[in-house]
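Reading through the structure tokens given below for one structure.
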Amino acid sequence: MTPLVDEMLRRALGHALRQAQKEGALPDFEVPQEIPIERPKQEDLGDWATPVCMQLARLARLAPIKIAEAIVPRLDHLEAIGEVNVAPPGYINFYAAKGWLQKQVEEILRQGAAYGRVDFGQGRKVQVEFVSANPTGYLHMGSARNAVLGDALASVLEAAGYDVQREYYINDSGSRMRLFYETLLARYAQALGEDWLVPEEGYHGADVVEMAQAIAAEYGRRFLEMPREEALEAIGALGLEKVIQRAREDLALMGIQYDGWFSEKSLYTNGQFERIMTLLREGGHLYEHDGAVWFRATALGGPKDEVVVRSDGSPGYFASDIAYHYNKFIERGFDTVINVWGADHQGHVPRMKAMMRALGLDPNRLIIILYQLVTLKRGGEIVRLSKRTGDTITLREVLEEVGADAVRYFLLSRSADSQMEFDLDLAKEQSEANPVYYIQYAHARIASILRLARDISYQGGDVSLLNHPAELALLRRMVRLPETVKMAAAQLAPHLLAYYAYDLASAFHAFYRDCRVVSTEPGDEALTAARLKLVAACKIVLARALGLMGMTAPEAM
RNA sequence: GCCCCAAUAGCUCAGCGGAUAGAGCAACUGCCUUCUAAGCAGUGGGCCGGAGGUUCGAGUCCUCCUUGGGGCGCCA
């Protein structure tokens, strides 16, 4: 675990405030629970700052500057902090101690890939469920943002000290699947020369055609010779398997590995659904109307009641969701569950919260991350994404065209609730001047330096020689990884990583220009060793930031 | 009609209620005999959609309006 400077400052400030009150330098007032610590916008104003004295001015009935002057002499000494000063209208500014910055090089090298881990989550069990697209065809570009967000969020939470499980929910039950199976059977028949029609509401994409052709090639006319229901079931099972297999492959191409794939159907075959219905009925949350079973969501803050079991006896997807979340919280014991959904599912959120209350669970333990939909552009035209009309661009196509790293970076560098355009042509054209390469290039440059210095031993390098402004500026960026991880976890905002990584790369490139690492000048051996240590540590931090975003850190470009 | 998200530089977007609002792309000017020029240094570019309000302090919070996206099914 890496200790966080901002937390140490908070403690020191709280202590100093109380001390000043005890000694009569400040009047009695309640010391705020959370003392704000910020990063000043301009570097010359310090590495950390607190505006707390402005907030306290009214409570203390003193000028902010006076409060600051009472606090500063009573601050505990912190190894990380050098100079402390007071600036109008009442800021306390803290400057990182040079010796501490230099020492972080050793610390980063010692921690290696573990650098940046913080103890924010305290081991709490969190599940991140993401993508979970209906298995009615290949994953398309619309799922990419979900995949990237969910995976990066999971990585960030892991680094922040949570016990994280990544899960994919397979919606292998319900009316959509029926349509998919019917489409597949029709396409299969077509592949065998039969004159079948794809259902009007079915899936008209090329992916189903492809799967049907593969099945026809492998199994021949077998499914045409069975009764329709039997054929649907048999070919459906094959289709589902192909879709899931393809999803696994596509996600693996982006470096995404799940811990669990959860089948919706299993909720019905193992009695889970029946148990939860009994539970809800006993709790008085269900009633019958027009032959359907309804959930009384309005009694629990929902905008309207919801159908759980349709009048034809088939459970709706909300029924599954209730059973599924019961399983997550009660049976598997997650403290928090995060579901990543497209904004087109926003209407489900209130009923999910109502469901939590019905299960006797704190609704805040279920966090739904809604991300705004991505509009895809090609040739200046907006591509409408719809699985059913078949007007799609598959995730695979985009990965092959643009590359996984670029897809991840672009989709990750915007906050979830901003709508965004993804211009395929632009992403390809600009790939040379792309931020992705800018960051990766920094990593590759370091790798190249370390290759050149292969025979130089720098273990004993003296970090106190790192005094050049560019070296210290780089160090200042490097040591921000832990707090960036914490902030990204606290705000569930992995896009902060994208900006951090860019900043870090930028500091490295500036350093690279100003400071020669491997020097052939006689007498430079000690400085060379120190700088090799610095860049080796920087490489670790860059790789870590890239890794958290699921991007590769190339050794050469 | 009601609900959710957004609106910041020409374009794409950052900006945890605090100091002089930032970055990339695009435009313009310089820099490769030395560890990768996919780089560096610099210039120009802003009534932070509009109107009120809260606050010592608002791009950030609240209300209303405008514009764009998405919801409001016995679909998911």
Side-chain angles (χ1 to χ4, degrees), chain A residues 36-42 45 49-52 54-55 57-58 63-64 87-91 93 132-134 136 171 174-177 179 201 289-294 303-304 306-312 314-318 320-321 342-350 370-373 375 388 410 413-423 426 430-442 444-453 487 490-491 493 495-496 498-499 502-503 505-506 508-521 528 531-532 535 556-557:
Chain A
I37 301 290
E38 57 187 41
R39 286 289 196 170
K41 283 177 187 160
Q42 292 148 268
L45 293 173
T50 179
V52 72
M54 270 92 85
Q55 292 169 5
R58 177 192 293 249
Y91 285 97
N93 294 331
S132 301
N134 284 332
T136 56
N171 299 96
S175 59
R176 296 289 191 184
M177 289 315 287
L179 270 171
E201 293 293 298
H289 177 69
D290 288 345
V293 179
W294 292 72
K304 60 186 188 58
E306 308 289 341
V307 169
V308 180
V309 181
R310 302 185 193 100
S311 50
D312 67 0
S314 62
Y317 86 97
F318 184 51
S320 307
D321 269 348
D344 53 336
H345 288 67
Q346 60 181 259
H348 307 195
V349 176
L370 293 173
Y371 60 91
Q372 297 298 312
L373 301 180
T375 17
R388 272 187 291 168
F410 269 104
S413 60
R414 282 108 171 98
S415 75
D417 45 15
S418 90
Q419 304 163 209
M420 58 171 295
E421 274 179 14
F422 193 97
D423 190 322
L426 206 66
Q430 290 187 344
S431 66
E432 293 281 301
N434 199 306
V436 177
Y437 298 99
Y438 182 86
I439 299 164
Q440 292 182 324
Y441 186 54
R445 268 183 153 175
I446 295 174
S448 168
I449 293 170
L450 294 177
R451 275 195 299 276
L452 180 78
M487 209 185 298
Q491 297 179 24
H495 74 276
L496 296 176
Y499 289 88
Y502 191 91
D503 270 358
S506 173
F508 173 77
H509 288 308
F511 158 80
Y512 183 90
R513 174 200 159 100
D514 290 346
C515 300
R516 172 91 197 168
V517 177
V518 183
S519 170
T520 48
E521 298 288 314
T528 291
R531 285 183 172 167
L532 282 169
V535 298
M557 285 173 71

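By convention in this document, chain letters (A, B, ...) are assigned in the order of the sequence lines, proteins followed by strands, and residues within each chain are numbered from 1.
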- Message: A:Y502: which residues meet the side chain to side chain contact (heavy atoms under 4.5 Å, CB included) condition with it, sequence neighbours left out?
- Response: A:Y409, A:P435, A:Y438, A:I439
- Look at the side chain of A:Q346 against the base of B:G70 and say whether a donor-acceptor pair falls under 3.5 Å; ignore hydrogens and angles. yes
- Has the side chain of A:S448 got a donor or acceptor that lies under 3.5 Å from a partner of the other kind on the base of B:C35? no
- Message: Can you check the distance between B:C5 and B:U60, where both ends of the measurement are the P atom (answer in whole Å)?
- Response: 16 Å
- Using Watson-Crick pairs (N1 to N3, plus N6-O4 or O6-N4) and G-U wobble pairs, both distances under 3.5 Å, which stems of at least 3 pairs involve RNA chain B? B:1-7 with B:66-72, B:10-13 with B:22-25, B:27-31 with B:39-43, B:49-53 with B:61-65
- Quick one: list whatever passes salt bridge (Lys or Arg N to Asp or Glu O under 4.0 Å) with A:R531, sequence neighbours left out. A:E471
- Message: I want to confirm an ordering. Mapping A:L452 and A:N93 to their closest nucleotides on RNA chain B, which one lands closer to the 5' end?
- Response: A:N93
- Using heavy atoms to find the nearest nucleotide of RNA chain B for A:F318 and A:S519 separately, return the residue whose nucleotide is more 5′. A:S519
Expressed as a whole number of angstroms, how long is the span from [X]:[atom1] to [N]:[atom2]?
X      : N     : atom1 : atom2 : result
A:D312 : B:C74 : CG    : P     : 13 Å
A:Q372 : B:G68 : CD    : C1'   : 11 Å
A:N434 : B:A26 : CG    : C1'   : 15 Å

Give each protein N/O atom lying under 3.5 Å from an N/O atom of nucleotides 40-46 of chain B, with the pair distance.
from  : atom 1 : to     : atom 2 : distance (Å)
B:C40 : OP1    : A:Y438 : OH     : 2.4
B:C40 : O2'    : A:R513 : NE     : 2.8
B:C40 : O2'    : A:R513 : NH1    : 2.9
B:C40 : O2     : A:R513 : NH1    : 3.1

- Note on the structure: A:H495 meets the ring-ring contact (aromatic ring centres under 6.0 Å, His included) criterion, sequence neighbours left out, with none
- Within the pair A:Y371 and B:G70, is there a side-chain N or O less than 4.0 Å away from OP1 or OP2? no
- Residue-phosphate contact under 4.0 Å: A:Y441 side-chain N/O, B:A38 OP1/OP2: yes
- Message: Please encode protein proximity along nucleotides 12-17 of chain B as a string of B, S and -, counting only heavy-atom distances under 4.0 Å.
- Response: SSSSB-
